[in-house]
Each structure stands twice: as C-alpha cells, then as structure tokens.
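Here the structure is laid out as structure tokens; the discussion comes afterwards.
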Amino acid sequence: MDSKSPRRVAHLDMDAFYASVELLRYPELRGQPVVVGGRSDKQPMPLEDGTSGFSRLRSYAGRGVVTTATYEARVFGISSGMGLMKAARLAPDAILLPADFGAYRYYSQLFKTAVARISPLIEDHGIDEIYIDLSSLTEDSNTLAQRIKQAVGESTGLSCSIGIAPNKLLAKICSDLNKPNGLTVLGFSDIPDRIWALPVSKINGIGPKANQKLATLGITTISELALADPGFLQAQFGRSYGGWLHEVAHGIDERPVIINAEPKSISRETTFERDLHARYDRHILSEVFTSLCAGVAQDLQGKGYVSRTISIKLRYEDFQTVTRDITLPLPTADAAAIRRAAAKCLRRVPLKRRLRLLGVRASSLSSGWVAESKRIPQQEELPLAIRTVD
DNA sequence: TCTGGGGTCCTAGGACCC
DNA sequence: TCTGGGGTCCTAGGACCC
C-alpha cells in the first residue's frame with residue numbers, strides 16, 4: 001500500500017457480547033444484573049416456569065470466574081476475570097448463567113459475515129472484536145459506521161461499539177470511549193484533547209505489570225507517557241518495549257490489518273474442582289490427560305492442521321505454572337501420538353506438589369490433508385437445530 | 001475467597017552449523 | 001589450539017489480550 005495515503009481503520013467491539021447473546025435467549029432478564037461464567041457442565045439450567053428458576057450468584061461455589069457481566073451487573077463493581085465467589089459478595093442476587101461458547105461462536109460468525117458484506121478486509125481479534133480496513137472506501141466515516149452497526153444489529157439483534165481512526169491502536173482506544181452502542185471517529189489532531197487524559201492502561205499492550213511500573217515512575221496518564229524522555233523509557237523497559245511505549249503514547253502504530261491469519265497453536269486446558277495429586281489421583285489425571293489430547297486432536301483435524309510441537313502446561317496449587325514441550329520428527333493430528341508426546345513432556349516435570357490445572361497444546365502448525373469424511377464439523381457450521389445450545 | 005480457557009508475541013540461552 | 005561471528009532451531013517462561 002502507498003505509505004503516504006492516509007489509513008482509516010475501524011475497531012468494532014460487541015457490547016457485553018456473551019451476556020447480550022444470553023439476553024436474546026432469556027429476554028425476561030433484560031434490565032437485571034446478569035453474569036455469565038463458571039462451568040457450563042455443572043450449573044443448573046433455568047426452570048421452565050420463569051425467572052424464579054435462574055440461579056443466583058450467592059449459590060455459586062467453585063473456582064469459576066466472570067466471563068462477561070451486563071452493564072447492570074458492572075454497576076456493582078463486577079468485571080471480567082473476577083472470581084465468581086468475589087462477584088457473589090458484591091451482588092449476591094445477580095443472575096448467573098453458564099457460558100455457552102457454541103452459541104457465542106454462532107453469533108460471532110453472524111456479525112462478522114454481515115460486516116464482511118460491507119468491507120471484507122477484516123482482521124479477527126477474538127470472538128467479539130474485529131478490525132476493519134476502511135482505507136479504500138470513499139464514504140465518510142460516520143455513514144460507514146452507521147451502516148456497519150445497522151448490519152450487525154439486523155443480523156444478530158445485538159449492538160456494538162465502533163471506533164474509527166488512522167490506525168489500529170487509536171481505533172481500539174476510541175471504540176471504548178462511548179460504550180455501549182458507541183461511535184467515535186478521531187484523527188491525529190484529536191489526540192491531545194481526546195486521548196492524553198486517559199490512563200496508560202487504556203493502551204492495548206500495557207497490562208498490569210507495565211502499568212504498575214509506570215506508576216512507580218510517576219507516569220499514569222498517556223500525556224505523561226508522551227512527555228517522558230524516550231531514552232529514559234528505554235533504560236527502564238528495554239530498547240524494544242521502551243521504544244514502543246514512546247511511539248504509542250504519540251498515537252503511532254503502523255501495524256497492518258491482517259486478513260485471514262492462520263492459527264499458531266491449538267490447545268485445551270482444564271482447572272480441577274480440587275487440587276489433584278499425581279499419585280493419589282492418578283486415574284482421574286490420566287483420564288483428563290487423555291481427553292485433553294483427544295480434544296486437541298479433534299480440533300486439529302476439524303480445522304485441517306497437523307502439529308509438530310506438543311506442549312503440556314501444569315499449574316501447581318500455589319499457582320506456579322510450568323510448561324514443557326517436544327518437537328516431533330513428523331507432524332501429527334493423531335490423538336494417540338499427541339498423548340505419547342505429551343506423556344514424554346510430563347516425565348520432565350516434578351510432580352510432588354498438587355496440581356490445579358493441566359493443559360495440552362499443539363503448535364508449529366501446518367495444513368494437513370484431511371479426508372472430508374473424517375472432518376469433524378465445527379459448531380458454527382452446524383444447523384441451529386443440532387447445535388448444542390444447552 | 002484468590003485467580004477460566006483460548007490465544008499471541010517476545011525474550012533468552014544453548015545447541016548446532018557455517 | 002584458541003577464538004570469532006551469524007543464523008536457525010528448540011525449549012522455557014512471562015506479559016498481555018479477549
């Protein structure tokens with residue numbers, strides 16, 4: 001692309017996506033604090049006689065976290081990633097619904113397909129977000145955004161927030177400025193007015209660790225970061241990250257919108273209800289291990305990939321996490337071969353402490369030949385009637 | 001009362017080859 | 001015998017994101 005032509009990038013973020021999909025199914029819950037989270041396999045489903053059958057946060061016991069909360073639930077201080085037990089103390093009467101990823105993937109496909117009819121230059125960014133390259137379109141940004149929002153609404157019944165800016169960094173920040181159902185268009189000249197007052201944590205890529213370190217250096221807003229000496233930032237954070245901090249604070253981001261990215265890895269992991277011991281709980285662990293490997297194999301085959309590097313991930317009771325991996329002479333998508341490789345990795349890891357999590361990952365992926373008859377259809381390819389919505 | 005499951009990207013050391 | 005770089009692969013860990 002001509003580097004002199006100005007870019008125009010949209011970031012589209014579905015509003016409280018999982019919770020909003022659940023509200024399509026249970027419209028009687030609209031306006032109430034609703035939390036989606038926990039394990040889908042052990043929670044009671046709502047009774048047929050109405051809202052009284054929904055389970056409440058107060059009755060939850062376990063290790064689950066909040067996946068999404070409606071805006072009514074966020075008022076209580078509930079946010080994504082929070083432990084459900086903690087959320088229950090903040091809002092004991094909030095409704096708790098199990099996550100149904102099959103349904104979310106289905107609605108994800110719907111909204112992405114609808115947007116693709118307006119512009120096919122879409123970068124997937126998780127199940128509920130996309131970047132759209134609008135550079136080659138001629139309509140003005142507000143008109144385009146309204147058309148996109150309308151298409152998303154008509155195809156799914158859901159609302160989204162859109163930010164349009166000269167690059168992905170700024171588009172992402174501004175899609176968040178007027179949530180929910182927001183629309184924000186911004187150019188480089190708007191940065192001092194609209195961006196500089198925001199906390200540095202609004203920048204995609206500045207997480208808890210960097211945020212904390214910046215705070216100890218007296219830098220909490222993007223304007224403070226923009227005014228910081230680049231040499232100082234590089235001395236504190238290293239050449240690469242320090243240089244990046246300086247650039248993003250000034251709204252600079254040259255990353256292209258990547259269409260049709262191939263996956264780099266496919267994994268399955270599970271956190272146990274209680275911490276398990278390698279010896280005393282050997283049979284349970286062995287069963288879980290086998291089924292994780294089978295799951296990875298199924299996903300590889302379903303997506304048409306083979307993998308040359310198999311990894312395991314263990315989390316001990318103290319939350320320390322270790323990984324081991326092995327690279328095979330030939331790539332595979334076979335469950336038994338994956339399990340053999342993963343078992344070799346397991347032998348390299350100490351197993352004295354109890355485990356809270358076990359995971360298996362396949363990486364170094366390449367396209368594998370898969371007979372059509374052996375392909376396992378993915379959830380979103382199935383007709384509604386046979387998708388496992390419950 | 002601790003902290004899910006699915007990912008991406010980066011760093012860094014050692015092996016190995018030229 | 002000693003001492004080089006550069007490049008790539010493999011492995012482990014960690015930050016970060018949705």
Side-chain angles (χ1 to χ4, degrees), chain A residues 11-14 16-18 35-42 57-58 60-68 79-90 92 98-99 101 104-105 108 123-131 168-169 172 175-176 200-213 237-245 248 255 258 261-273 275 292 295-296 299 303 308-329 344-345 348-349 356-365:
Chain A
H11 180 256
L12 184 159
D13 195 330
M14 298 297 289
F17 183 55
Y18 300 172
V35 167
V36 177
R39 300 178 92 95
S40 52
D41 52 348
K42 60 171 287 218
L57 264 185
R58 69 165 80 251
Y60 180 84
R63 293 179 155 174
V65 300
V66 174
T67 308
T68 323
S79 59
S80 298
M82 177 182 287
L84 283 171
M85 301 295 271
K86 179 176 178 181
R89 264 173 285 117
L90 294 171
F101 287 94
Y104 311 147
R105 277 192 292 268
S108 180
E123 175 178 330
D124 261 300
H125 200 72
I127 197 164
D128 67 338
E129 285 184 21
I130 50 174
Y131 291 98
K168 295 206 290 189
L169 170 83
K172 168 84 178 166
S175 72
D176 195 49
V200 290
S201 56
K202 289 285 180 185
I203 291 172
N204 202 245
I206 298 182
K209 299 278 184 183
N211 190 46
Q212 181 57 45
K213 183 164 178 184
F237 292 92
R239 268 180 72 91
S240 172
Y241 194 72
W244 176 81
L245 283 174
V248 292
R255 291 171 303 162
I258 308 234
E262 295 280 336
K264 301 277 197 289
S265 69
I266 286 172
S267 68
R268 289 283 183 101
E269 65 182 56
T270 188
T271 297
F272 310 121
E273 302 280 328
D275 298 335
L292 290 170
V296 169
D299 288 350
K303 293 174 174 161
R308 212 160 76 80
T309 302
I310 304 300
S311 323
I312 59 160
K313 170 171 158 185
L314 271 63
R315 179 120 74 206
Y316 295 107
E317 51 194 337
D318 63 359
F319 219 73
Q320 189 207 346
T321 306
V322 299
T323 61
R324 294 291 182 271
D325 57 66
I326 187 170
T327 298
L328 305 169
K344 279 188 190 169
C345 294
R348 309 207 306 257
V349 98
R356 68 174 285 140
L357 173 148
L358 183 59
V360 177
R361 170 190 312 269
S363 56
S364 304
L365 304 182

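Letters A, B, ... mirror the listed sequences (proteins, then strands); counts begin at 1.
A/Thr327 has a side-chain polar atom (N or O) that falls below the 4.0 Å cut-off from OP1 or OP2 of C/dT11. For B/dT3, the OP1/OP2 oxygens have no side-chain nitrogen or oxygen of A/Arg315 closer than 4.0 Å. Taking 4.0 angstrom as the limit, A/Arg356 places a side-chain polar atom (N or O) nearer than this to OP1 or OP2 of B/dG4. An OP1 or OP2 oxygen of B/dC2 is reached within less than 4.0 angstrom by no side-chain nitrogen or oxygen of A/Arg63. When the side-chain nitrogen and oxygen atoms of A/Thr309 are compared with OP1 and OP2 of C/dC10, none of them lie within a distance under 4.0 Å. One finds a side-chain N or O of A/Thr323 lying less than 4.0 angstrom from the OP1 or OP2 phosphate oxygen of C/dG13. Contact annotation: A/Arg361 does not reach the phosphate of B/dG5 (side-chain N/O to OP1 or OP2, under 4.0 Å). For the OP1/OP2 pair of C/dC16 and a distance below 4.0 Å, the side-chain nitrogens and oxygens of A/Asn211 include no atom meeting the criterion. The phosphate of C/dA15 (OP1 or OP2) has a side-chain N or O of A/Lys209 nearer than 4.0 angstrom. For A/Ser311, no side-chain nitrogen or oxygen approaches OP1 or OP2 of C/dT11 to under 4.0 Å.
Between the OG atom of A/Ser108 and the CD1 atom of A/Ile130 there is a distance of 8.5 Å, given to the nearest 0.5 Å. Rounding to the nearest 0.5 angstrom, the gap separating the CE atom in A/Met14 from the OG1 atom in A/Thr68 is 12.0 Å. In this structure, CZ on A/Arg348 lies 6.5 Å from CG on A/Asp325, to the nearest 0.5 angstrom.
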For DNA chain B, produce a single dot-bracket line, 5' to 3'. Pairs: Watson-Crick or G-U wobble, both distances under 3.5 Å. Symbols: ( ) within strand, [ ] crossing, | other strand, . unpaired. ....||||||||||||||
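Residue whose closest nucleotide on DNA chain B sits further toward the 5' end, between A/Gly81 and A/Ile266: A/Gly81.
A donor-acceptor contact shorter than 3.5 Å links the side chain of A/Thr321 to the backbone of A/Phe319.
In this structure, A/Gly205 reaches the sugar-phosphate backbone alone: every heavy-atom distance under 4.0 Å involves primed, P, OP1 or OP2 atoms, never a base. Within 4.0 Å (heavy atoms only), A/Gly207 reaches sugar-phosphate atoms of the nucleic acid but no base atom. Using a 4.0 Å heavy-atom distance criterion, A/Thr270 is classed as a sugar-phosphate-only contact. In this structure, A/Ile326 reaches the sugar-phosphate backbone alone: every heavy-atom distance under 4.0 Å involves primed, P, OP1 or OP2 atoms, never a base. Among the protein residues, A/Val66 comes within range of no part of the nucleic acid, since none of its heavy atoms lies under 4.0 Å from any strand. Residue A/Leu292 is out of contact with every strand shown, counting any heavy-atom pair closer than 4.0 Å. Using a 4.0 Å heavy-atom criterion, one finds that A/Arg348 contacts the sugar-phosphate atoms exclusively. Using a 4.0 Å heavy-atom distance criterion, A/Ala210 is classed as a sugar-phosphate-only contact. Residue contacts for A/Glu129: at a heavy-atom cut-off of 4.0 Å it reaches the sugar-phosphate backbone alone, with no base atom in range.
A/Phe319 qualifies as a stacking partner of the B/dT3 base, centre to centre under 5.5 Å and near-parallel within 30°.
Among C/dA12, C/dC17, B/dG7, the nucleotide with an atom closest to any side-chain atom of A/Lys303 is B/dG7. The side chain of A/Lys264 approaches B/dT8 more closely than any other nucleotide in the set B/dG4, B/dT8, C/dC16. Relative to the side chain of A/Val322, the nucleotides C/dC16, C/dG13, B/dT8 differ in distance, and C/dG13 lies closest.
With rounding to whole Å, A/Tyr60 atom OH is found 12 Å from B/dC2 atom P. Distance A/Leu84 CG to B/dT1 P: 15 Å, rounded to the nearest Å. Note: NZ (A/Lys313) to P (B/dG5) measures 9 Å, nearest angstrom. At whole-Å resolution of the value, CD in A/Glu317 and C1' in B/dC2 are 14 Å apart. We find that CE of A/Met82 is positioned 17 Å from C1' of C/dC18, with the value rounded to whole Å. Rounded to an integer number of Å, the gap from A/His125 NE2 to C/dC16 P is 15 Å. Spacing between atom CZ of A/Arg268 and atom C1' of B/dG7 amounts to 14 Å, rounded to whole angstrom units. Atom CZ of A/Arg324 and atom P of C/dC10 are 18 Å apart (whole Å).
Evaluation of atom-type donor-acceptor distances gives a pair under 3.5 Å for the side chain of A/Arg89 against the base of B/dT1.
Open room surrounds NZ on A/Lys209; 12 or fewer heavy atoms of other groups in view lie less than 6.0 Å from it.
Counting heavy atoms from C-beta on, the side chains of A/Arg268 and A/Val360 never come closer than 4.5 Å.
Using modelled atom types, one finds no donor on one side chain facing an acceptor on the other under 3.5 Å when comparing A/Thr271 with A/Arg356.
Taking the six-membered ring where tryptophan is involved, the planes of A/Phe101 and A/Tyr104 are perpendicular, since the angle between them exceeds 60° and thus also 30°.
Applying the side-chain contact (heavy atoms from CB on, under 4.5 Å) test between A/Leu84 and each of A/Val65, A/Thr67, A/Leu57 identifies A/Leu57 as the sole match.
C/dC17 and B/dG4 have their C1' atoms separated by 14 Å, with the value rounded to a whole Å.
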How far apart are the C-alpha atoms of A/Thr323 and A/Arg361, what are their side-chain angles, what is the distance that settles it, and do they pass the side-chain contact (heavy atoms from CB on, under 4.5 Å) test? CA-CA 10 Å; A/Thr323 61; A/Arg361 170 190 312 269; over 6 Å; no
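Using a 90° window around 0 for the glycosidic torsion, C/dC2 falls outside it and is classed as anti.
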